[in-house]
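Bear in mind the structure is a predicted one, so any value in this text is a computation, not a measurement. These values consider heavy atoms only, across backbone and side chains, with no hydrogens, waters or symmetry-generated copies. Along the sequence shown, the residues carry numbers beginning at 1.
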Amino acid sequence: MIKPYLEAAKVVSTHGVMGEVRAQCYCDDPEVLCHLSMLYLDAQGKHPIGLQQGRVHKNVVILKLDGVNSLEDAQGLRGKMLYLDRKDLVLEPGQYFIQDLLGSTVADAEDPEKVYGVLVDVTNTGASDIYHIKAPDGRLLLAPAIPQVVKQVDPEQEKILITPLEGLFD
């Protein structure tokens with residue numbers, strides 16, 4: 001299902017006494033989050049919160065949000081999920097939001113009736129993304145998201161067609 005608002009980061013702690021928060025970013029590139037002007041405190045986009053400033057620091061993003069001006073204000077956001085509006089980001093052709101792919105059926109490109117399982121996670125090794133596929137028998141199958149393997153991705157139909165490399169799932 002294509003969601004209009006996507007999980008972008010989770011507030012993990014405060015930073016200083018001026019209301020900044022430390023957030024664990026879920027974007028491939030944390031800099032993306034720093035350049036947005038608006039985030040949301042709910043998955044429906046009903047509670048917008050302006051982003052005054054953002055910067056990457058080690059493995060987190062430090063955010064200064066509108067109306068969060070003290071340590072106490074910032075502590076109130078601890079543990080909260082921050083969402084972004086997908087319309088605020090532009091994807092190149094062939095790029096997808098991982099959240100749009102999760103739950104997709106992964107099937108064989110030659111024989112779409114042959115289902116390998118459901119996509120449950122995507123991780124990155126540095127060289128490529130790795131699709132984590134939960135097989136019907138409960139096994140976890142791993143497939144590199146490279147052009148030789150992934151033949152078609154259709155988030156609207158929640159379907160991914162692949163051609164596994166020889167021995168990949170053995």
Side-chain angles (χ1 to χ4, degrees), residues 1-106 117-134 140-146 150 153-160:
M1 180 173 92
I2 305 295
K3 303 180 212 171
Y5 298 91
L6 304 172
E7 293 177 357
K10 183 175 182 179
V11 177
V12 293
S13 66
T14 60
H15 183 80
V17 296
M18 301 303 291
E20 290 181 314
V21 296
R22 297 169 59 87
Q24 182 66 49
C25 184
Y26 297 154
C27 302
D28 287 345
D29 180 3
E31 282 291 330
V32 168
L33 194 62
C34 298
H35 299 291
L36 295 174
S37 60
M38 188 69 63
L39 293 170
Y40 301 84
L41 295 172
D42 64 296
Q44 293 77 37
K46 294 179 182 174
H47 297 95
I49 188 163
L51 176 59
Q52 294 177 12
Q53 178 183 338
R55 65 187 184 281
V56 177
H57 179 72
K58 297 183 182 177
N59 63 341
V60 296
V61 180
I62 309 295
L63 303 172
K64 178 66 174 115
L65 302 167
D66 286 346
V68 183
N69 300 311
S70 69
L71 178 62
E72 293 75 24
D73 292 341
Q75 285 175 333
L77 292 175
R78 186 177 283 176
K80 298 263 188 204
M81 189 64 64
L82 299 173
Y83 297 82
L84 61 82
D85 186 337
R86 75 172 46 250
K87 294 176 190 167
D88 292 339
L89 299 178
V90 178
L91 295 178
E92 298 295 325
Q95 290 184 325
Y96 306 95
F97 293 110
I98 290 172
Q99 292 179 45
D100 292 341
L101 302 180
L102 296 178
S104 293
T105 299
V106 181
V118 174
L119 186 70
V120 294
D121 196 9
V122 178
T123 55
N124 187 284
T125 62
S128 69
D129 284 344
I130 302 294
Y131 286 177
H132 298 239
I133 304 161
K134 179 140 183 161
L140 184 64
L141 307 174
L142 302 177
I146 57 176
V150 179
V153 177
D154 188 346
E156 288 84 18
Q157 296 297 314
E158 297 184 342
K159 190 130 190 147
I160 299 171

note = Here the pair of heavy atoms bringing Leu71 nearest to Gly16 is CD1-O, 3.5 Å

ask   = Considering residues, nucleotides and ligands other than His47, do more than 12 of their heavy atoms fall under 6.0 Å from its NE2?
value = no

query = Less than 4.5 Å apart, any side-chain heavy atom of Glu20 and any of Thr14?
reply = no

key: Leu39 vs Leu33 side-chain heavy atoms within contact, under 4.5 Å   = yes

task = State the CD1-NZ distance between Ile49 and Lys80, to the nearest 0.5 angstrom.
result = 10.5 Å

message = Show the nearest heavy-atom pair for residues Ala9 and Cys25, with the distance to one decimal.
response = CB-CA, 3.9 Å

task = Answer yes or no: are there more than 12 heavy-atom neighbours, outside Met38 itself, under 6.0 Å from its atom CE?
result = yes

Residues that Gln44 engages under side chain to side chain contact (heavy atoms under 4.5 Å, CB included), provided they are two or more places apart = Asp42, Lys46

key: Inter-residue atom distance Leu89.CG - His35.NE2, 0.5 Å rounding   = 11.5 Å

query = What is the minimum heavy-atom distance between Pro30 and Val61, and which atoms define it?
reply = CB-CG2, 3.7 Å

Exercise: identify the closest heavy-atom pair between Cys27 and Leu84 = SG-CD2, 4.3 Å

request  = Mark yes when over 12 heavy atoms from residues, nucleotides or ligands other than Gln157 sit less than 6.0 Å from its CD; otherwise mark no.
outcome  = no

inquiry  = Test side chain to side chain contact (heavy atoms under 4.5 Å, CB included) on Val11 and Leu63; report intermediate values, then the result.
reply    = CA-CA 9 Å; Val11 177; Leu63 303 172; 5.9 Å; no

Arg78: salt bridge (charged side-chain N to carboxylate O under 4.0 Å, His left out) partners, not counting sequence neighbours = none

Minimum heavy-atom distance Tyr131-Ala145, with the two atoms named = CE2-CB, 3.6 Å

ask   = Which heavy atom of Arg55 sits nearest a heavy atom of Gln53, and at what distance?
value = NH1-NE2, 3.7 Å

query = Under the 3.5 angstrom rule, does the side chain of Gln99 hit a backbone N or O of Glu7 as a donor-acceptor pair?
reply = yes

request  = Begin from the C-alpha positions of Leu41 and Leu77 and carry the test side chain to side chain contact (heavy atoms under 4.5 Å, CB included) through to its verdict.
outcome  = CA-CA 9 Å; Leu41 295 172; Leu77 292 175; 4.2 Å; yes

task = Indicate yes or no for a side-chain donor-acceptor contact from Arg86 to the backbone of Leu6 under 3.5 Å, with no hydrogens or angles considered.
result = no

ask   = Would Val120 and Leu140 count as a side chain to side chain contact (heavy atoms under 4.5 Å, CB included) if you check the C-alpha gap in whole Å, the side-chain angles of each, and the deciding distance to 0.1 Å?
value = CA-CA 9 Å; Val120 294; Leu140 184 64; 4.1 Å; yes

key: side chain to side chain contact (heavy atoms under 4.5 Å, CB included) evaluation trace for Val21 with Ile62   = CA-CA 6 Å; Val21 296; Ile62 309 295; over 6 Å; no

ask   = Going from CD1 on Ile130 to CG on Leu141, what distance comes out if it is rounded to the nearest 0.5 angstrom?
value = 12.5 Å

key: Spatial distance of atom CG (Leu102) from atom CD (Glu158) [nearest 0.5 Å]   = 10.5 Å

message = Quick check for you: to the nearest 0.5 Å, what is the distance between Asp129 atom CG and Ile146 atom CD1?
response = 11.5 Å

ask   = What pairs meet the ring-ring contact (aromatic ring centres under 6.0 Å, His included) rule with one or both residues in residues 48-100, with sequence neighbours excluded?
value = none

inquiry  = So for atom CG, which belongs to Asp154, do other residues, nucleotides or ligands contribute more than 12 heavy atoms lying within a distance under 6.0 Å?
reply    = yes

ask   = Rounded to the nearest 0.5 Å, how far apart are CG of Leu82 and NZ of Lys10?
value = 11.0 Å

